[in-house]
Structure formats: structure tokens, C-alpha cells
Amino acid sequence: MEQPFSLTSEVRENRLIITTNGYVNNVGGAAIAEEFQRHFTEGVRHVIIDLALSRVVNSVGMSFLIEIIEKLTDAGGRLVFTNLDPSVDKMLGIMGLYDFAGREATTEDALRALAIRS
Amino acid sequence: MRPPAPKANVMGRAVDVPVTLKIALPRVPGIELVALQGLEHLARHLGIAADKVGEARIIVTEAIINAFEHSGPDTTEVRVEFTMTADELTIFVRDSGRGFDPKTMVERPSVTSRGMPSRRGWGMKLMRSLSDGFEISSGKRGTTITITKRLS
């Protein structure tokens with residue numbers, strides 16, 4: 001069964017990398033948004049969310065990630081998702097998020113993609 | 001008309017008998033994960049492809065959280081039933097809540113006036129997009145959603 005939600009984060013090359021573990025529902029989404037906001041306030045404008053260990057995501061959890069995308073878009077930044085389960089990838093596609101956020105196979109790929117943008 | 005799909009092979013024998021799981025889920029945060037565990041167990045038994053199981057996971061999750069959210073705070077449980085063969089999954093999600101007129105149901109716009117995706121209101125769209133059949137019946141005694149999904 002999916003694990004209780006937890007996350008880790010690090011800042012590399014001024015990019016925030018959030019790695020999640022477990023169900024991204026209202027609790028998980030709020031935790032991601034809180035971690036994002038802490039770094040956003042400090043000036044981070046590019047974010048990578050690694051969902052390798054989150055196979056289950058619901059639309060309430062995603063609402064928090066849409067809020068992050070809105071803030072980054074307004075600030076000229078970018079969110080990139082990595083290591084997506086195929087079903088989560090499909091969900092994000094249906095929701096139209098790839099018009100506003102990126103997706104890469106790995107975190108290293110995302111760092112390279114964001115380096116090209118800046 | 002689609003040709004019949006080959007039957008799943010479980011321990012050396014073809015599986016064509018539907019398996020059914022019925023669960024009553026209490027209003028407890030994250031309880032939908034229990035239903036997903038049952039769904040995945042049935043899918044493993046029938047040898048269902050991982051991509052189909054992943055899509056079914058999203059449908060079931062959205063159906064259950066929608067049922068608890070929209071049936072009202074007095075709804076103490078949601079009943080879920082899966083019937084699965086190697087070819088098809090049927091999902092029933094029933095609540096005993098306040099109900100609504102399905103004719104009045106409007107899918108929210110998927111983008112805001114700024115062109116960004118809406119934050120909420122995705123449940124119905126996700127369920128419809130990922131399924132092959134979707135019906136809602138609702139009345140004073142509650143709401144039932146019936147969803148079918150091809151698995152082969």
C-alpha cells in the first residue's frame with residue numbers, strides 16, 4: 001500500500017528539488033506547497049518535483065501543484081515534473097498541465113532543461 | 001466489433017470468471033487507499049497490464065473522494081464494488097448522501113480566465129476521460145456512479 005506522505009528537498013544550482021514519497025492528496029499537496037513557498041519567498045524560481053515514489057496522486061493534491069505553477073508562471077519561473085508513473089503522467093496531460101509545466105525522465109534531465117531556459 | 005481478448009493466464013489456466021470485491025469504506029482520511037489495494041490485488045490475480053491498473057487507480061480514487069466530498073457531512077460510509085475479468089472492470093461507488101439532479105451537473109471549465117488549468121473540479125473529467133463507460137444515478141437516497149473500463 002502507498003506509504004504515508006513524506007518529502008525531502010534540496011536546492012541545487014538555485015533550483016529547488018522536491019522529492020516526494022507516498023500519496024499526494026490534500027495532505028501531501030499541502031506539504032509540497034508549504035515547502036515550495038518557503039523557498040519561493042527566498043527567491044527560488046525554478047522547481048523540480050520528483051514523483052518517483054508517488055504512484056497515487058489525486059485531483060485535490062494536484063490543486064496545490066497548480067497553485068505552485070501559477071505562482072512560478074507569474075514570477076517567470078518553471079516547474080518540471082520528473083520520474084512520473086505513466087498513469088500520473090496521463091493524468092497531468094488530461095489536466096493540461098504540460099502547457100505550463102515541463103516533464104523530464106530524471107532530475108538530472110530536468111536540471112539540464114532548466115539550465116537551458118535561464 | 002472488437003474480437004474477444006485472450007483470457008488471462010493464472011497459474012497455468014485461463015481466467016474468464018469475474019471476480020468481485022465489495023468494500024464499505026468509513027469516512028476516514030486516505031481510506032481510498034484500502035480500495036486501491038483490493039483493486040490491485042484483483043488485477044494481479046488476473047494478470048492485468050500495469051498501464052490499465054494505473055488508470056483504474058485514478059478513476060477509483062476520484063470516485064471515492066468525490067462521493068465523500070459531495071454526499072454531505074452526514075454520510076458515514078461509501079460502498080465500493082469492483083467486478084473484474086481479464087477484459088473489463090466495472091466499478092460501482094455508492095453513497096447514501098443528499099443526492100443531486102445529474103441533469104444539473106456541469107463540468108467546470110478546465111481553464112481559468114487567465115488560461116491556466118482550474119485548481120478544482122477535475123474529478124468528473126478524469127473519470128470520464130480514463131473510462132469507457134460512465135453513468136450517474138442520484139436521488140434522495142444517495143448517488144451511484146457506475147464506471148466501466150476495458151482492460152485488454
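Within every chain, numbering begins at 1; the chains are lettered A, B, ... in the order of the sequence lines, protein sequences first and strands thereafter.
Taking the side chain as every heavy atom from C-beta outward, L130(B) and M91(A) never approach each other to under 4.5 Å.
Of the atoms belonging to D74(A), it is side-chain heavy atoms, and not backbone ones, that fall under 4.5 Å from chain B. Heavy atoms of D85(A) lying under 4.5 Å from chain B belong exclusively to its side chain. For I69(A), the parts lying under 4.5 angstrom from a heavy atom of chain B are both the backbone and the side chain.
By the criterion of side-chain heavy atoms lying less than 4.5 angstrom apart, applied directly or through intervening Ile, Leu, Val, Met, Phe, Trp or Tyr residues, I31(B) is grouped together with L39(B) in one hydrophobic cluster. The cluster map of Ile, Leu, Val, Met, Phe, Trp and Tyr, joined by side-chain heavy atoms under 4.5 Å apart, puts V44(A) and I18(A) in the same cluster. L53(A) and V47(A) are not part of a single hydrophobic cluster, where members link through side-chain heavy atoms under 4.5 Å apart. Residue V88(A) is grouped with residue F100(A) when hydrophobic side chains (ILVMFWY) are merged at heavy-atom distances under 4.5 angstrom, including chains of intermediate members. Under the 4.5 Å side-chain heavy-atom criterion for grouping Ile, Leu, Val, Met, Phe, Trp and Tyr, V34(B) is not connected to F92(B) through any hydrophobic cluster.
Qualifying side chain to side chain contact (heavy atoms under 4.5 Å, CB included) partners for A67(B), counting only residues two or more places apart in sequence or in other chains: V78(B), V93(B), D95(B).
When the shell of 6.0 Å around CZ of R79(B) is examined, it contains 12 or fewer heavy atoms from other residues, nucleotides or ligands. Within 6.0 Å of CZ in R141(B) there are 12 or fewer heavy atoms belonging to other residues, nucleotides or ligands. By the neighbour-count criterion of 12 heavy atoms within 6.0 Å, atom NZ of K52(B) is densely surrounded, having more than that number from other residues, nucleotides or ligands. For CD of E10(A), the number of neighbouring non-hydrogen atoms (other residues, nucleotides, ligands) closer than 6.0 Å is greater than 12.
Residues S59(A) and W122(B) share a closest heavy-atom pair of CB-CB, 4.0 Å.
Counting heavy-atom pairs under 4.5 Å between each of D51(B), L126(B), L36(B), N66(B) and chain A puts L126(B) at the top. Heavy-atom pairs under 4.5 Å with chain B were tallied for G96(A), P4(A), P86(A), S87(A); the largest tally goes to S87(A). The residue among V56(A), V27(A), I66(A) with the most heavy atom pairs within less than 4.5 Å of chain B is I66(A).
One distance of note links CD1 of I94(A) with CD of E55(B); it measures 7.5 Å at 0.5 Å rounding.
Applying a 4.5 Å heavy-atom cutoff, the residues of residues 57-65 of chain B that approach chain A are R57(B), I58(B), T61(B), E62(B), I65(B).
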